Amino acid sequence: MKQRLKFFGGYALYWIGYFILARLLFLLYEYNYSFDLSFKEWLLTFTNGIRMDISTAGYILAIIGLILTATSFNSGKLINKIIQPFTIFLLILTSIIIISDLELYKNWGFRMDSTPLLYLANPKEAMASTELWLEIVLFLLTIGYVFLGIYVYKKIIRKKVVEIEKSNLLSPLLLLLLTGSMILPVRGSLGIAPMNTGMVYFSENKFANHAAVNVVWNVMNSLADMNKSDKTYHFMNDEIAESLTNQLNEQRGEGIKLLKEENPNIVVIILESFSSKVITELCGQWKAAPNFDALSKQGILFKHFYANGSRSDKGIVSVISGFPAQPTSSIIKTPSKTESLPSLYKSLESR
């Protein structure tokens, strides 16, 4: 059991180091952006990003834990025959993602996700804008990164696997507990929200935040969300829907000016879970917000607003960007999209 735990810990450090090196490679490749960062920002991309590196490694370790459990009564030589090809497969897959992301980021401005899969049907067209010499360089980088991973595995990790001896009856139970505990690094926290890109964002500099993201995790997460956004809901005839939408977008004359000041001081307050049921002016059931009722008589109260979705991640985007709720997902979970949305802050800043 001791040899198994020793290998498990070493294998965890192996993948975390692999992802840290991938972040360094990303920063060096994107030098046009990264060399504008301060030393502190460079350091913070690693200290914040390691949470996502550990989360990504957690998925791999969960599989390794199951392999170790299933081979509890086998020697290290047999275990290595399973883990070594599994590791090589992962190295090839993750290296393709990591190296492809280097050039894709230059063109797209966001970390790689499931988007490239949309171009698999027409690979020739997808590669048409990429010069041959660059394709060769990226291919060689991928091969080099794979072989580096294999070299480190054979030099350090394989020795720990081969040393593993047959275990007793208690070993499978302990290994199953260890495997189950991987839910903690995978989630990234003990809170309600699981690991997400927002957890590693730390700066007002967009590139610094992007550099902290583990691109392998980003691709996995994007693939997991693909099916959620495929559903469509047909509530009414298309012609009626288009007619209603056109009416909403139609501009009719000038707006009514309500403020005396040309450049007023504006404070936006968003109240969490604040329902019309507590507002008397909106026929609320309870008189729970008397001060709000008083303010509504002094100012302007909009009585025909409806909730944009059922949760904060949809409502906040609606308030700040005027973006409608999506039935099965939320755009706030895709930073590459939210960064390009119009927003109240941008509009006020321009004034």
Side-chain angles (χ1 to χ4, degrees), residues 187 189-199 201 221 225 227-351:
R187 280 183 55 81
S189 75
L190 295 173
I192 295 172
M195 174 57 66
N196 59 77
T197 49
M199 283 188 178
Y201 276 23
N221 184 64
D225 286 339
N227 293 333
K228 295 179 183 178
S229 58
D230 287 343
K231 297 177 183 176
T232 56
Y233 297 86
H234 204 248
F235 292 105
M236 63 183 71
N237 182 279
D238 288 347
E239 292 181 1
I240 296 174
E242 288 179 15
S243 175
L244 289 171
T245 304
N246 291 334
Q247 289 176 39
L248 291 171
N249 291 329
E250 185 181 343
Q251 293 186 5
R252 302 171 185 151
E254 296 181 1
I256 301 171
K257 187 172 182 179
L258 301 173
L259 303 176
K260 297 177 182 179
E261 297 286 337
E262 280 297 322
N263 293 296
N265 182 38
I266 298 172
V267 179
V268 179
I269 301 172
I270 304 174
L271 299 180
E272 177 75 16
S273 302
F274 195 68
S275 169
S276 63
K277 293 178 181 179
V278 301
I279 304 171
T280 305
E281 290 295 311
L282 297 177
C283 302
Q285 299 174 24
W286 306 287
K287 295 181 180 179
N291 290 318
F292 187 91
D293 291 336
L295 286 172
S296 67
K297 293 174 182 176
Q298 296 174 28
I300 300 162
L301 180 68
F302 296 92
K303 296 186 177 183
H304 296 284
F305 268 27
Y306 294 87
N308 191 63
S310 57
R311 297 186 65 98
S312 302
D313 58 351
K314 298 176 181 179
I316 290 171
V317 180
S318 174
V319 172
I320 296 173
S321 297
F323 192 85
Q326 299 160 287
T328 58
S329 61
S330 174
I331 196 170
I332 203 170
K333 296 177 180 177
T334 312
S336 59
K337 297 182 185 294
T338 54
E339 287 167 358
S340 60
L341 286 178
S343 75
L344 187 59
Y345 301 125
K346 291 177 183 176
S347 299
L348 292 175
E349 188 178 28
S350 67
R351 293 293 301 275

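What you see is a predicted model; the values in this text were computed from it and never measured.
Looking at every heavy atom in both residues, Lys303 comes nearest to Leu282 through CG-CD2, 3.7 Å. Scanning all heavy atoms of the two residues, the minimum distance from Ser350 to Ser347 falls at OG-O, 2.7 Å. Shown here for Pro342 and Ser321, the closest heavy-atom pair between the two residues is O-OG, 2.8 Å. Here the closest heavy-atom approach between residue Tyr201 and residue Thr197 is recorded as CD1-O, 3.2 Å. Nearest heavy atom pair, residue Glu281 against residue Ser296, reads CG-OG, 3.3 Å. Nearest heavy atoms, Ser312 versus Glu272: OG-OE2, 2.7 Å.
Annotation: the span from Ile331 atom CD1 to Leu341 atom CG amounts to 4.5 Å, rounded to 0.5 Å. How far CD of Glu239 is from CG of Leu244: 12.0 Å, rounded to the nearest 0.5 Å.
Screening Ile320, Asn196, Val317 against Ile332 for a side chain to side chain contact (heavy atoms under 4.5 Å, CB included) leaves a single residue, Val317.
Applying the 6.0 Å contact sphere to CD of Glu250 captures more than 12 heavy atoms from other residues, nucleotides or ligands.
Side chains of Ile279 and Phe274 form a contact here, defined as non-hydrogen atoms less than 4.5 Å apart.
Side-chain atoms of Asn308 come within 3.5 Å of backbone N or O of Phe323 as a donor-acceptor pair.
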